[in-house]
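Contents: one structure, followed by commentary.
This one's a predicted model, so the numbers in the text were calculated from it and none came from an experiment.
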Amino acid sequence: MASQLDIWNNSLSEIAADRINSVDEASLGAVECRRIWPGLVQEFLTWADWECQRVRVTLAVQTND
């Protein structure tokens, strides 16, 4: 599975931008990737029905004799 940094660098290579070495660096590429990343992740999650998004509730406690 690709890491966040791998995805960012693959995207930057598509526009012939310099690679980044850390998600925390101060380069323009890293700043822009950090800015857009949360929205992209949210959009990708809407593309499929993920079972991990099910809501769970706490049921009443039943004592065991």
Please report the closest heavy-atom contact between A30 and S22, naming both atoms and the distance.
-> CB-O, 4.3 Å
Would you list the atom pairs, donor with acceptor, under 3.5 Å between side chains in residues 4-12 and any protein atom, with sequence neighbours excluded?
unit_1 : atom_1 : unit_2 : atom_2 : d
D6     : OD2    : S3     : N      : 3.3
D6     : OD2    : S3     : OG     : 3.2
N9     : OD1    : I20    : N      : 2.8
N9     : ND2    : L5     : O      : 3.3
N9     : ND2    : I20    : O      : 3.1
N10    : ND2    : D6     : O      : 3.4
S11    : OG     : I7     : O      : 3.0

Side-chain hydrophobic cluster, 4.5 Å single linkage: members besides W47 =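 Members alongside W47: I36, L40, F44.
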Give every residue pair that meets the side chain to side chain donor-acceptor pair (under 3.5 Å) criterion with at least one member in residues 25-37, sequence neighbours excluded.
->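 Sorted result for residues 25-37: E25-S27, E32-R35.
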Working to the nearest 0.5 Å, report the span between CG of L45 and CD of E43.
->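 Going from the CG atom of L45 to the CD atom of E43 covers 10.0 Å.
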